[in-house]
Amino acid sequence: MFGSKTKHKRTPAGTRTLPAAVVRRPGLRGWRGRGQGEAVYVTAADEWRGTSVQVCGLWPFVGGSGTPIVGVPIGVHTDTGAPFGGDPISWFMHGMINNPSMFVLGLPHYGKSTLVRHIVLGLAGRGINPLILGDLKPDYVDLIEALGGQVISLGPGRGHLNVLDPGEATGAAVRLLSSAEEHRAEASRAADQEAAAQLLAAAVKAEKLAEQLMADSHNRRLNMITALITIVRNAKPSAHEESLIDRALHILDERLDRVPLIGDLIEVIKDAPDELRAIALDRGDMSRYLDATDQLRQSLYSLDGSGRFSDMFSQPTDQPMDLAKPVVFDLSGISDTQRDIQAACLLACWSTGFATVQVAHTLADAGLEPHRNYFVVMDELWRALRSGEGMVDRVDSLTRLNRTEGVGQAMITHTMSDLEALPTESERMKARGFVERSGMVVCGALPGAEMEKLNKAVTLSRAEQARLISWADPGSWTDVGGSRKRVRPGLGKFLFKVGGRPGVPVALKLTSVEKSLHDTNKRWHDEGEN
């Protein structure tokens with residue numbers, strides 16, 4: 001040991017021997033001393049994971065980093081380089097989160113949509129069907145087409161979506177009732193009493209499912225009509241107007257043997273049946289009924305092809321959803337200046353998508369269809385929330401009706417300011433509830449002003465806040481490929497938060513195939529570029 005005195009041994013003859021040689025070894029940071037090359041900081045080695053078959057020839061004794069790698073491979077930990085994987089459905093199925101949903105926040109052009117597309121592609125490879133219920137840019141059309149899915153175009157002059165169409169609910173209810181009749185017939189022929197009891201129980205279940213399905217379909221149509229009227233007026237309809245619409249829908253279903261349209265709803269209100277007059281409290285005076293329904297009919301006329309919505313919602317649906325395939329609603333034909341039309345189309349797509357998913361689950365529960373899992377993407381959430389009074393309640397009712405096992409959900413917006421900009425405190429609290437109820441919250445680059453607002457919904461440490469703020473820095477300018485391009489430090493980086501646990505900072509990694517599918521700047525490429 002250095003600095004210690006070495007005692008020399010003497011031989012019996014009085015001769016002296018030299019001390020044993022001392023072996024010098026470098027420390028953990030290298031050779032100490034001036035000019036010896038000591039490192040102040042030692043970079044952690046990259047870690048890789050693989051099966052025993054793939055990495056059997058490598059040194060096996062490594063320490064785990066603790067980074068989760070359950071679900072879709074996302075990328076690597078920004079600090080340790082450890083691989084990271086996750087998605088709301090896989091984490092929910094493994095008990096890591098209580099709700100198979102995620103809320104994504106981040107400034108524009110930092111990779112939010114790319115991250116969600118990456119998760120969509122990974123889940124599709126695991127047999128989970130993606131449903132993109134409203135693509136305004138479009139960000140997802142190329143991906144869904146590459147997956148062999150269905151692209152449904154909607155917009156003025158580009159497609160129609162009848163908001164009074166119960167979709168597959170009516171056909172599913174007929175199938176359920178037919179199944180119930182078959183079960184009862186088999187029960188009457190069964191010799192075994194236990195088998196007969198099981199068949200009768202299955203018949204009762206099918207009848208109950210059919211009843212629930214039609215009731216939910218009615219509520220969705222009512223919710224959609226009132227939501228569209230809210231956008232038209234920028235104010236929600238009165239209580240008696242909602243009651244009028246509710247009763248009128250029941251009358252339509254009794255009168256018509258086809259799918260009703262908005263024009264049919266207007267005609268029922270104009271006909272003034274006794275049931276509607278009782279709700280309007282006209283006291284036998286027709287003029288009082290007309291006064292009570294004038295504003296409602298005016299709002300419905302604006303949805304019947306004579307207003308800014310054209311005939312998008314007043315004609316039969318062009319392309320019913322096929323839930324056996326990935327589906328995207330392409331809304332890119334709607335101009336960004338038409339915010340109210342965009343919001344109305346988003347709501348209509350969300351309502352249609354959730355309704356069709358519910359039909360698929362009901363048929364699967366009855367044993368009439370195979371069980372399928374779905375991942376629903378609700379992008380540009382802020383557009384719908386800001387479109388009129390009471391829209392938070394409409395969106396909340398849509399999302400709550402299908403919070404069932406087997407359906408994952410992603411809600412995407414820019415910042416918490418989108419939610420805090422709502423007019424009333426009750427609406428702001430409900431909007432924050434979207435974030436609080438999500439199983440995981442994924443944050444990209446955010447400005448410093450957002451931290452206080454974000455902390456109301458999800459707890460962030462000072463270090464996590466500083467990281468998100470640093471990602472929002474504009475970065476430096478560098479010469480890449482002969483042109484001046486800005487390098488943004490937060491591009492493709494996200495913080496995955498679950499409850500009060502420390503967040504996991506991740507850098508998204510894409511394959512070469514994904515890069516071509518996720519290119520949102522195609523119009524800016526030169527003709528010779530790929």
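- Using a 4.0 Å cut-off between charged side-chain N and carboxylate O, R255 and E267 make no salt bridge.
- Salt bridge E436/K456: absent, no basic N to carboxylate O contact under 4.0 Å.
- Listed here is the closest heavy atom pair of A173 and M214: CB-SD, 3.7 Å.
- Annotation for A202 and H183: closest pair CB-CD2, 3.8 Å, computed over non-hydrogen atoms.
- Annotation for P237 and T230: closest pair CD-OG1, 3.4 Å, computed over non-hydrogen atoms.
- When every heavy atom of A366 is checked against every heavy atom of L176, the shortest pair comes out as CB-CD2, 3.4 Å.
- Side-chain atoms of H218 and D253 include no donor-acceptor pair closer than 3.5 Å.
- Between D142 and R117, no side-chain nitrogen of the basic residue sits less than 4.0 Å from a carboxylate oxygen of the acidic one, so the salt-bridge criterion is not met.
- Between atom CD1 of residue I74 and atom CG of residue D87 there is a gap of 7.0 Å, rounded to the nearest 0.5 Å.
- A salt bridge does not link E380 with R339: every distance from a Lys NZ or Arg NE/NH1/NH2 to an Asp or Glu carboxylate oxygen is 4.0 Å or more.
- The aromatic rings of H361 and Y374 sit perpendicular to each other, their planes meeting at more than 60°, with 30° as the lower class boundary.
- A pairwise comparison of heavy atoms in A248 and I269 identifies CB-CG1, 4.5 Å as the closest pair.
- A salt bridge does not link E241 to R297: none of the charged side-chain nitrogens sits closer than 4.0 Å to a carboxylate oxygen.
- One side chain, S417 or K453, offers a donor N or O that lies under 3.5 Å from an acceptor on the other.
- One side chain, D216 or Q358, offers a donor N or O that lies under 3.5 Å from an acceptor on the other.
- Once rounded to the nearest 0.5 Å, the distance linking NE2 of H240 with CD of E242 reads 11.0 Å.
- Here the SG atom belonging to C443 is positioned 10.0 Å from the CD atom belonging to E450, to the nearest 0.5 angstrom.
- For E275 and R247, the salt-bridge test passes: some basic side-chain N is under 4.0 Å from an acidic carboxylate O.
- Separating the CG atom in D246 from the CD1 atom in I279 is a distance of 7.5 Å, to the nearest 0.5 Å.
- L446 has its side chain within reach of M451: a pair of non-hydrogen atoms, C-beta onward, lies under 4.5 Å apart.
- Between E464 and K497 there is a salt bridge, with a side-chain nitrogen of the basic residue lying less than 4.0 Å from a carboxylate oxygen of the acidic one.
- Between atom CD1 of residue I89 and atom NE2 of residue H94 there is a gap of 13.0 Å, rounded to the nearest 0.5 Å.
- Contact check on R277 versus D285 returns no salt bridge, with no Lys/Arg side-chain nitrogen under 4.0 Å from an Asp/Glu carboxylate oxygen.
- In summary, of the residues considered (L147, D330, I132), a side chain to side chain contact (heavy atoms under 4.5 Å, CB included) with Y140 occurs for I132 alone.
- Atom CG of residue L495 and atom CG of residue L105 lie 11.0 Å apart, to the nearest 0.5 angstrom.
- Taking both residues in full, the closest heavy atoms of D379 and S113 are given as OD2-OG, 3.7 Å, listed atom of the first, atom of the second, then distance.
- Counting heavy atoms from C-beta outward, M321 and L131 have side chains that approach closer than 4.5 Å.
- Between the side chain of N129 and the main chain of K325, a donor-acceptor pair closer than 3.5 Å is present.
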